[in-house]
Amino acid sequence: MSDLITSVEKANKYSWGQGCVAWQLVNKTKFYVVEEVMPPTSAEIEHHHNLAQQFFYVLDGVATFYHDGKELLVKAGEGIYIEPGIRHKVSNQSDNDLRMLIVSTPPSLNDRHE
């Protein structure tokens, strides 16, 4: 039963972007959950997904999202839903780490288009 419980200590960890770190909490064929930490001043490249829909939930910090040409601030305790086909990116423009939980269905890893 303990294999049903996951955490960042048990999850596959990987680095991306400008010093960002992620942990794959759930990596299934049709469902993907990752926890990410973005250090201050880091950002990802604007992109979209053809199939994946995503939900970003901010655990700590403030995320600056660029969503279909609009800039939106998402604070701890808030989330944002991104539909397939919508150009987006997230950045951390604060002086503190940004920690988020991201849910994608289907997984977005092989469905990223810049």
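In this structure, Phe55 and Ser104 have side chains that are not in contact, with every pair of non-hydrogen atoms separated by 4.5 Å or more. Side-chain contact between Gln53 and Glu83: absent, with no pair of heavy atoms (C-beta onward) separated by less than 4.5 Å. A heavy-atom distance below 4.5 Å is found between the side chains of Pro39 and Asp97. Leu73 places none of its side-chain heavy atoms less than 4.5 Å from the side chain of Gln93. Contact of the Ser15 side chain with the Cys20 side chain is not registered, since no non-hydrogen atoms from C-beta on lie closer than 4.5 Å. In this structure, the side chains of Val21 and Trp16 stay at 4.5 Å or more apart for every pair of heavy atoms. Side-chain contact check for Val33 versus Thr6: every heavy-atom pair is 4.5 Å or farther apart. Considering only heavy atoms from C-beta on, Pro106 stays 4.5 Å or farther from Thr29 through its side chain.
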Between Tyr81 and Gln54, is a side-chain hydrogen bond (donor to acceptor under 3.5 Å, both in side chains) present by the stated rule, with each step listed? CA-CA 6 Å; Tyr81 171 71; Gln54 296 183 295; over 6 Å; no

Is there a salt bridge (charged side-chain N to carboxylate O under 4.0 Å, His left out) between Arg99 and Glu35 once you walk through the steps? CA-CA 7 Å; Arg99 189 168 64 101; Glu35 182 173 332; 3.0 Å; yes

Please step through side-chain hydrogen bond (donor to acceptor under 3.5 Å, both in side chains) for the pair His47 and His88, ending with a clear verdict. CA-CA 6 Å; His47 65 282; His88 63 280; 3.2 Å; yes

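A distance of 6.0 Å or more separates the ring centres of His113 and His49.
Note that CZ of Phe65 and CD1 of Ile80 are 5.5 Å apart. Values are rounded to the nearest 0.5 Å. To the nearest 0.5 Å, the span separating CG on Leu98 from CG on Leu59 amounts to 9.0 Å. Rounding to the nearest 0.5 angstrom, the gap separating the CG atom in Asn92 from the CE atom in Met100 is 8.5 Å. Taken to the nearest 0.5 Å, the NZ atom of Lys89 stands 10.0 Å off from the OG1 atom of Thr64. From Asp111, atom CG reaches atom CG of Asn50 across 5.0 Å, with rounding to the nearest 0.5 Å. Going from atom CD of Glu36 over to atom CG of Leu101 covers 9.5 Å, rounded to the nearest 0.5 Å.
Remark: Asp95 CG is loosely packed, at most 12 non-hydrogen atoms of other residues, nucleotides or ligands lying under 6.0 Å away. Within 6.0 Å of atom CG in Asn12, more than 12 heavy atoms from other residues, nucleotides or ligands are found, so the atom counts as buried in its surroundings. Atom NZ of Lys13 is surrounded by 12 or fewer heavy atoms from other residues, nucleotides or ligands within 6.0 Å.
For Trp23 against Ala11, the heavy-atom pair with the smallest separation is CB-CB, 3.9 Å. Pairing each heavy atom of His67 with each of Ile86, the nearest pair is NE2-CG2, 3.6 Å. For the pair Thr41 and Gln18, the tightest heavy-atom approach, listed with the atom from each and the gap, is O-OE1, 3.8 Å.
Tracing side-chain contacts under 4.5 Å through hydrophobic residues (I, L, V, M, F, W, Y), one never reaches Val58 starting from Val37; they form parts of separate clusters. Taking hydrophobic clusters as Ile, Leu, Val, Met, Phe, Trp and Tyr residues chained together by side-chain heavy-atom distances below 4.5 Å, Phe56 does not share a cluster with Phe31. Cluster membership for Ile82 and Val74, using ILVMFWY side-chain heavy atoms within less than 4.5 angstrom, is shared.
Residues Glu44 and Arg112 are paired through a salt bridge, judged by an N-O separation under 4.0 Å between the basic side chain and the carboxylate.
Checked by atom type, the side-chain pair Gln24/Tyr32 shows a donor-acceptor distance below 3.5 Å. Counted by atom type alone, Ser94 and Asn96 present zero donor-acceptor pairs between their side chains at under 3.5 Å.
The backbone N or O of Lys30 sits less than 3.5 Å from a side-chain atom of Thr105, completing a donor-acceptor pair.
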